[in-house]
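Everything on this sheet refers to the single structure shown next.
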Amino acid sequence: MLLSVIAPMYNEALSIGEFLKQTLEVLAQHFSEYELILVDDGSIDTSIEVASAIAAHHPQVRILELSRNYGKEIATSAGLKAAKGDNIVLMDSDLQNPPQLIPELYQKMQQGFDVVYAERQGRVGESFIKKVTSRMFYWLACKMTGFKLESNAGDFRIMSRQVVNAINSLPETNRYLVMLYAYVGFKSGSVPYVVPPRFAGERSYKYTALLKAAFDAILSFSSAPLRIISILSVCVSAICACYAGFIFIQHMMANNLVDGLASVLCFMAIMFALLFLFLALLSEYIGRIMAETKRRPLYFIRREINAAQSDCEG
């Protein structure tokens, strides 16, 4: 059975050589047939040159060079589409997903699981803010979508061909893979591990990316925000209507409209704030609808290295 290992790569020139060395050693020791697919997501350093030099001596290494930087989710999707294995491993190329865990993930899968993910038990050097914001995101995403999400599960996992085919069949443009894993379901298990520090360089995943991921996760998989805003709008409108009736009665009985003018202006401000909040949320949904209806290709591949050698034995 062929095992495919997919690793997106973006500006990893300092670590990609060590990643390939360690991963190829592990794969050669434990698997008879394998392929290692690097997806270069428009790197602007020498990552592609370093990886290509190593791939020239290892036909099991395939490199997909994308035409530009599309982001990790799209790069991973390109790897999933290109993978030919019966079982597929997803991992990062910065060595924070230790290759030595791959055999353990595979062995766990033989117990009848369709998906086995690496469960983070801790991350060396992770800030308190990062931990809190990550937990808040997963809690909110679970509440909004109704999916069961594991806060300590990332992209590092092994999946069966059936699961990968299901993910590849999903046509959406706004892709957040953690949510897609939850959407397709299937029986899953976990293997615990401690995230080691980066081998070299700095992590490029920033809080702005986490915020974008939160928007994609919630807005692409749930209409709950629209429902909440709609209910809130009805409640505030009802309160304002009651208050307008109160003002009218007060004016008719006491002719004292000026005294309540400040309150009226306050309620008008609340109504306009709610209106613009609703419009902002609506525009986010419309933007996603527009992207989906265009049906543009997710990515373009500039070139593929070792494409013809992808089924070689280790």
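Worth saying up front: this structure is predicted, and the values here are computed from it rather than measured.
- Counting all heavy atoms, side chain and backbone alike, Ser4 lies closest to Gly85 at OG-N, 2.8 Å.
- For the pair Ala118 and Leu105, the tightest heavy-atom approach, listed with the atom from each and the gap, is N-CD2, 4.1 Å.
- In this structure, Ser160 has no side-chain hydrogen bond (donor to acceptor under 3.5 Å, both in side chains) partners at least two apart in sequence or on a different chain.
- Screening residues 44-78 for ring-ring contact (aromatic ring centres under 6.0 Å, His included) gives no qualifying pairs among residues at least two apart or on separate chains.
- With sequence neighbours left out, Gln100 forms a side chain to side chain contact (heavy atoms under 4.5 Å, CB included) with Gln22, Val26, Pro98.
- Considering every non-hydrogen atom in both Leu2 and Glu35, the closest pair reads CD1-N, 4.1 Å.
- Residues Ile44 and Ile74 are members of separate hydrophobic clusters, defined by side-chain heavy-atom contacts under 4.5 angstrom among Ile, Leu, Val, Met, Phe, Trp and Tyr.
- Remark: Glu104 pairs with no residue by the salt bridge (charged side-chain N to carboxylate O under 4.0 Å, His left out) rule, at least two apart or across chains.
- Residues Ile102 and Ile158 form no side-chain contact, since every pair of their non-hydrogen atoms from C-beta on lies 4.5 Å or further apart.
- When hydrophobic clusters are built by joining Ile, Leu, Val, Met, Phe, Trp and Tyr residues whose side-chain heavy atoms come closer than 4.5 Å, directly or via intermediates, Met1 is not grouped with Leu36.
- Atom CG of Leu64 is separated from atom CZ of Arg302 by 13.5 Å, given to the nearest 0.5 angstrom.
- Residues passing the side chain to side chain contact (heavy atoms under 4.5 Å, CB included) test with Glu25, sequence neighbours excluded: Lys21.
- With sequence neighbours left out, the side chain to side chain contact (heavy atoms under 4.5 Å, CB included) criterion links Ala78 to Val39, Leu66, Tyr299.
- A side chain to side chain donor-acceptor pair (under 3.5 Å) check over residues 39-54, counting only residues at least two apart or in different chains, returns the pairs Asp40-Ser43, Asp41-Asn69, Asp45-Ser47.
- Partners of Gln110 according to the side chain to side chain contact (heavy atoms under 4.5 Å, CB included) rule, which considers only residues two or more places apart in sequence or in another chain, are Tyr106.
- Formation of a donor-acceptor pair under 3.5 Å by the Asp92 side chain with backbone atoms of Phe156 is not found in this model.
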Would you check, one step at a time, whether the test side chain to side chain contact (heavy atoms under 4.5 Å, CB included) holds for Glu73 with Leu177? CA-CA 6 Å; Glu73 304 299 312; Leu177 289 172; 3.2 Å; yes

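- Residues Val50 and Gly17 approach most closely at CG1-N, 4.3 Å, considering heavy atoms.
- Counting heavy atoms from C-beta on, the side chains of Leu27 and Gln60 never come closer than 4.5 Å.
- With sequence neighbours excluded, the residues that form a salt bridge (charged side-chain N to carboxylate O under 4.0 Å, His left out) with Asp155 are Lys72.
- Scored by the side-chain hydrogen bond (donor to acceptor under 3.5 Å, both in side chains) test, Thr23 finds no partners at all (sequence neighbours excluded).
- With sequence neighbours left out, the side-chain hydrogen bond (donor to acceptor under 3.5 Å, both in side chains) criterion links Ser93 to no other residue.
- Contact record, Phe19 with Met91: CE1-CE, 3.9 Å, taken as the closest heavy-atom pair.
- Rounding to the nearest 0.5 angstrom, the gap separating the CZ atom in Arg157 from the OH atom in Tyr181 is 5.5 Å.
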Under 3.5 Å donor-acceptor pairs involving side-chain atoms of residues 163-171, not counting sequence neighbours:
from, atom 1, to, atom 2, distance (Å)
Asn165, OD1, Arg161, NH1, 3.2
Asn165, ND2, Arg161, O, 3.4
Asn168, ND2, Leu80, O, 3.3
Asn168, ND2, Val164, O, 3.4
Ser169, OG, Ala166, O, 2.6

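- In summary, of the residues considered (Asp114, Val89, Leu90), a side chain to side chain contact (heavy atoms under 4.5 Å, CB included) with Met159 occurs for Leu90 alone.
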